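Numbers restart at 1 for each chain; the letters A, B, ... are given by sequence-line order, proteins then strands. Owing to the predicted nature of the structure, the values given are computational and were not obtained by experimental measurement.
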Amino acid sequence: MEHTVLCRNVSKVYRQDTVAVQALTDVSLEIPRLDFVCLSGPSGSGKSTLLNLIGGLDRPTGGEIYVDGNRVDQMEKGALAELRLRRIGFVFQAYNLIPVLTARENVEFVMQLQGVAAGERTRKAREILKEVGLEDLENRRPGELSGGQQQRVAVARAIVSAPSLVLADEPTANLDSKTAENLMQLLRHMNREHGVTFIFSTHDKLVMEFSQRLITLRDGRIVDDVRRD
Amino acid sequence: MSMLKAPLLLTLAWRNLWRHRGRTAAILFALALGVWSMVSLAALSRGSMEQQLVKAILNLTGHIQIHAPDYRDDPVVEHRLSPPGAALTAALSRPEVTAWAPRVRVPAVVASERESAGVTLVGIDPARERGLSFIPDAVTEGRYLESTDEAGILLGRKLAERLETGVGRRVVVMSQDVNNSVADRGFRVVGIFDTEPQAAEEGYVFVTLASAQRMLKLGDNISEIALMTTDRDRLDGLLAALRAAAPDLDVQPWTVVEPLLVLTEKIVNVILIVWYVIVFTAMSFGLVNTLLMAVFERTREFGLFQALGMPPRHILGQVLAESCILLAVALALGNLGGWLTVLALKDGLDLSAFAQGFEMMGVSPIIYPALRAGDVTAANVLVTVLGLAASLYPAWRAARHVPVEAITRV
Ligand SMILES: Nc1ncnc2c1ncn2[C@@H]1O[C@H](COP(=O)(O)OP(=O)(O)O)[C@@H](O)[C@H]1O
Ligand SMILES: [Mg+2]
């Protein structure tokens, strides 16, 4: 079986002054290619911590993490940046976009870092913006877009350079339920049509409904892991 | 790789500068003001120095002087030389020599019916002094010397006032002749000259070369040969030729004859360097402060760049690009301002209202600014290189690893 993500006995301890917070304890996890996984759990249960560790934004205190077979937890900084650039897309809860760039420029940004030629970049960006339903707003800056539109641009950017994995940390938290549902449908569409593995977190029941697999965290441990399809 | 990203970095930098127009305008103004002050002050002090130098060189110095070996230590009639022979005349005819003239120049006393004063008696060939010294153009009353052997004399205005004499009157000049006896001779005042510094107006009296030689029983001997060239800063070749042509004479450039002038130039250089450093220090504080502000308020953005896989060197490059744009625009404005200032002052900046002492020191109260490529280049290179160096710190702060909570915190 091909795994996009593999976690073995991952733990994370945050130290603040003298207090140590055990954010994750002994988390082991296999996520096969093309999975559409929801991390659920109450606030403070470790969802963000786990996503950040998988994305190489932070390092675990113990354990091993692999993305596409690459060991992430010990990877050197430059290689991590390269891995994020080529294989991982991020969608955060808010402030996803670069304020001084237009919607299309934001989508092109990652391709620009990858060295994709200008013509192809623009063509791909237009295509994906059309797919997320924003073809008419490509020249707007983030400040001129609604929260839902901003999240769609973020999804377009995450997907456009054909990563193998998209990590979305509470992507719907700032959206009303209708907009949230639309965004989840978009993520699912991308998962199917573009062949990308998705891991997203939420504590919203409605959003969990969209997942193929629902992992529940509590106090930094996996307490439930069910396939729903 | 990095080259490909330059347009992206410049776009980001440019738009970020527009994000805070007021702040960008303020720092641009401050930087441009600094550059303007560097360029303008350099032009004014160079101009003032250049005027002083030109005046001093016209004040009987010339670019090169030739004397008998002991004359400069003791400028008396015994230390004299023969008129230039064939070899020296040939050297003096080199194309870079624009004018040269023989002179008699000895201490003397000049007396009117009422007063007397110690002066330097200068015997000149009136025509040859044109383009070589100030005197042909300085006569403001009466006339300049005409024939080579007339018995006229030129006095400075201050001296004429002291002697209570004037054009058309007679004065007596006394000095020591070659036989060590006192020589005296009457001259008619044919012209009064005005010049700066005052010491020159009081200290020199001019007669024709022939009458000075006759009075001092010099025959055809002279005290000095002064010459002017096309370039006062490139005299080495000519000096060598003159020395070879007259090996037993003392051939010296103006820098040796008037060492104070060289010192003036050095002082101006030091003043400019100090000024550049002061202005630059103030400017770099402003620049670093502005960039740090911009970097701190964009911590989340830099975190986002990192999360998206932008290498730290590109983040560094983005901040440096902002600094580059600021510096380039400020340099353009500052240089333009400096150039316009110099243009506006091309008829001179008159400081006589502020400082009466100027004329006494031989410094003209009217300054004509002179832009020198070297000074402008120095200011621009200094601001660019050190400005970018100062920007490295904010850029490094931006490129540091941003803690993940700074990115994800809502
Ligand atoms: N940077 C940090 N420093 C200290 N403690 C942290 C930090 N980030 C998270 N934590 C703690 O780790 C635990 C898990 O947090 P988090 O992963 O953000 O949970 P979730 O995303 O599920 O709400 C919480 O107790 C939280 O307080
Ligand atoms: Mg969270």
Enclosure of [X] [atom1] (heavy-atom neighbours >12, cutoff 6.0 Å):
X      : atom1 : result
B/R400 : CZ    : yes
A/Y14  : OH    : yes
A/H203 : NE2   : no
A/R141 : CZ    : yes

Open item on the list: Report, in residue-number order, which members of residues 15-38 of chain B are under 4.5 Å from chain A by heavy-atom distance.
Closed with: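 If one takes a 4.5 Å heavy-atom cut-off, the residues of residues 15-38 of chain B near chain A are B/R15, B/N16, B/R19.
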Open item on the list: Could you work out, with side-chain hydrogen bond (donor to acceptor under 3.5 Å, both in side chains) as the rule, every residue matching A/D219, not counting sequence neighbours?
Closed with: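 None.
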Would you mind checking which part of [X] comes under 4.5 Å of any heavy atom in chain B, side chain (CB onward), backbone (N, CA, C, O), both or neither?
X      : answer
A/R87  : neither
A/L97  : backbone
A/E108 : neither

Task: Straight-line distance of A/L101 CG to B/L8 CG, nearest 0.5 Å - done: 7.0 Å
Open item on the list: Within this structure, what is the CG-CZ distance for the pair B/L308 and A/R157, rounded to the nearest 0.5 Å?
Closed with: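 Going from CG on B/L308 over to CZ on A/R157, the span is 4.5 Å.
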Open item on the list: Looking at every non-hydrogen atom in both residues, tell me the closest pair between B/A307 and A/F92 and how far apart they are.
Closed with: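 In terms of heavy atoms, the two residues are closest at CB-CZ, 3.9 Å.
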- [ ] For residues B/L12 and A/I98, report the shortest heavy-atom separation together with the two atoms involved.
- [x]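 Result for this residue pair: CD2-CG2, 4.0 Å.
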Open item on the list: Between A/E105, A/K77, A/E170, who has the most heavy-atom pairs with chain B when the cutoff is under 4.5 Å?
Closed with: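 Between A/E105, A/K77, A/E170, the count favours A/E105.
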Open item on the list: Heavy-atom pairs under 4.5 Å with chain B: which of A/N52, A/D169, A/D58 has the most?
Closed with: A/N52
TODO: Check side-chain contact (heavy atoms from CB on, under 4.5 Å) between B/D375 and all other residues, then give those that pass, not counting sequence neighbours.
DONE: B/A42, B/R46, B/L272, B/Y276, B/R372
Contacts under 3.5 angstrom, residues 315-324 of chain B side chains, donor-acceptor by atom type, not counting sequence neighbours:
| from | atom 1 | to | atom 2 | distance (Å) |
| --- | --- | --- | --- | --- |
| B/E322 | OE2 | B/R298 | NH2 | 2.4 |
| B/S323 | OG | B/S391 | OG | 2.5 |

Task: Flag side-chain contact, heavy atom, 4.5 Å: B/W14 against A/V100 - done: no
Open item on the list: Please classify the contact between B/L304 and chain A as side chain, backbone, both or neither, with a heavy-atom cut-off of under 4.5 Å.
Closed with: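 Contact with chain A: side chain only.
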